[in-house]
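Letters A, B, ... are given to chains in the order of the sequence lines, protein chains preceding strands, and every chain is numbered from 1.
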2 protein chains.
Amino acid sequence: MDATTTELSASLEDYLEAIYQVIAERGEARAKDISVRLGVAASSVTNALQGLVKRELVQHAPYDQIALTEQGEQIARNVVRRHEVLTDFFTDVLSVDPDTAATAACKIEHVVGDTIVERLVEYIKYDQRCNHGGATWVEGKGFVCRNALDTRALCDECTAQGFCRFLGPPTEEGA
Amino acid sequence: MDATTTELSASLEDYLEAIYQVIAERGEARAKDISVRLGVAASSVTNALQGLVKRELVQHAPYDQIALTEQGEQIARNVVRRHEVLTDFFTDVLSVDPDTAATAACKIEHVVGDTIVERLVEYIKYDQRCNHGGATWVEGKGFVCRNALDTRALCDECTAQGFCRFLGPPTEEGA
DNA sequence: CAACATTGTTAGCCTTGTCTAAAAAGGCTT
DNA sequence: AAGCCTTTTTAGACAAGGCTAACAATGTTG
């Protein structure tokens with residue numbers, strides 16, 4: 001089995017993520033921590049660890065601590081990043097409540113590809129920097145652009161400057 | 001087994017979706033169509049059908065056509081809807097290319113919850129109706145609000161009207 | 001209507017991932 | 001160092017879902 005090529009299952013990604021986070025929080029990770037965090041039987045952890053060790057993503061001698069290999073840590077970081085990006089997007093852009101956002105991110109993080117994630121990152125940045133673009137969720141009304149809520153103040157400023165003040169002057173690409 | 005309560009696996013959702021689409025396209029569905037569409041062995045289809053029949057989501061006598069029950073069709077429609085919403089969001093809002101969008105939607109449709117889907121719907125609507133809010137992906141630049149691309153025309157209009165012209169006047173909720 | 005091609009089903013195997021129960025290892029505590 | 005409690009591992013079962021190979025039904029066509 002080629003460890004570098006094989007796609008990792010959602011389940012194994014979850015283990016990797018949990019290991020990474022426990023190490024980050026506690027300094028070290030033991031099987032118990034993982035089983036508690038994932039709500040899974042201890043034997044399931046042993047089982048998963050064997051798979052991860054075989055793939056060289058984890059270092060683990062029986063009855064000992066759990067550590068990530070270089071490779072494993074990289075994958076874990078990636079999963080965490082996807083999780084964070086999704087969470088941020090759901091809460092900041094879509095104004096979804098934190099619990100729902102977290103739950104959704106936990107599932108989607110295992111299936112979303114890089115292209116989408118990077119676009120989401122850009123979209124979040126856009127939403128943060130541009131008072132034109134940023135919309136706000138208003139219950140019973142849908143998404144409303146901030147200009148519509150903040151009186152005309154921003155629009156005046158926009159006109160005065162002739163461009164979106166956070167992006168620089170208009171480009172020639174415009175219609 | 002309580003057919004109404006049990007969560008459906010991603011795999012069975014895929015079968016349901018395929019059956020729905022084949023019926024929509026061809027008027028009827030047979031096992032072969034499904035195996036071809038999903039790229040799966042014929043026996044896998046038989047197998048899945050048994051599960052779906054047991055759950056009363058599909059009607060199917062051996063060697064006969066495949067039909068959806070009321071229940072099954074409802075679930076199928078739901079999956080299709082999630083797929084479409086995701087695809088639209090990825091292409092229209094995030095400007096991701098159609099292939100990537102479709103691939104991502106195929107996977108995410110099985111794990112995304114209703115709350116997020118409905119927010120995405122609203123966001124797409126917002127993006128379509130509000131020239132303030134709508135952003136456009138510009139390669140090498142990120143998302144740029146349409147105002148920044150379209151010269152100041154829209155901004156002038158915005159100022160003249162004092163509000164986002166697609167949403168009505170500013171509300172008191174504004175800061 | 002009989003032969004053959006296509007389609008569908010069955011049977012049996014494999015992998016992944018979970019569980020429980022039982023055994024083994026480690027670590028405290030006296 | 002002996003005993004006890006916790007943690008880990010092993011062993012074995014099970015469900016899902018996929019595959020191949022073999023068999024059965026259907027249907028088409030001389």
Practice task
Ignoring backbone atoms, establish whether Ser44(A) has a side-chain N or O less than 4.0 Å from OP1 or OP2 of dC19(C).
Solution key: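 So the side-chain polar atoms of Ser44(A) do come within 4.0 Å of the phosphate oxygens OP1 or OP2 of dC19(C), strictly under.
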
Problem - Gln50(A) side-chain N/O to dT10(D) phosphate OP1/OP2 under 4.0 Å - result: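 So the side chain of Gln50(A) is within the cut-off, an N or O lying under 4.0 Å from OP1 or OP2 of dT10(D).
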
Handout entry: Side chains of Ser11(B) and Asp14(B), donor plus acceptor under 3.5 Å
Key =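 Looking only at side-chain atoms, Asp14(B) and Ser11(B) do not form any donor-acceptor pair under 3.5 Å.
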
Problem - Distance-only side-chain donor-acceptor flag, Asn47(B) / Ser44(B), under 3.5 Å - result: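 Absent: no donor and acceptor within the cut-off.
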
Problem - Validation row, ring centre Phe90(B) to ring centre Tyr123(B) under 6.0 Å - result: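 No; Tyr123(B) has its ring centre 6.0 Å or more from that of Phe90(B).
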
Select one nucleotide: of [options], the one nearest the side-chain heavy atoms of [X].
| X | options | result |
| --- | --- | --- |
| His60(A) | dT9(C), dT20(C), dT9(D) | dT9(D) |
| Ser43(A) | dT20(D), dT8(D), dT20(C) | dT20(C) |
| Tyr63(A) | dC19(D), dT20(C), dT8(D) | dT8(D) |

Handout entry: Exam field: side chain Arg37(B) to backbone Ala18(B), donor-acceptor pair closer than 3.5 Å
Key =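 The answer is no, because no donor-acceptor pair under 3.5 Å joins these two groups.
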
Handout entry: N/O donor-acceptor pair under 3.5 Å between Thr69(A) side chain and Leu57(A) backbone
Key =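 Confirmed, Thr69(A) side chain pairs with Leu57(A) backbone.
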
Exercise for the section: Taking only heavy atoms on the protein side, list every residue of residues 11-42 of chain A lying under 4.0 Å from any atom of DNA chain C, sorted numerically. Expected result: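 By residue number: Ser11(A), Tyr15(A), Val40(A), Ala41(A).
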
Handout entry: Which residues share a salt bridge (Lys or Arg N to Asp or Glu O under 4.0 Å) with Asp33(A), sequence neighbours left out
Key =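 So Asp33(A) forms a salt bridge (Lys or Arg N to Asp or Glu O under 4.0 Å) with Arg26(A).
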
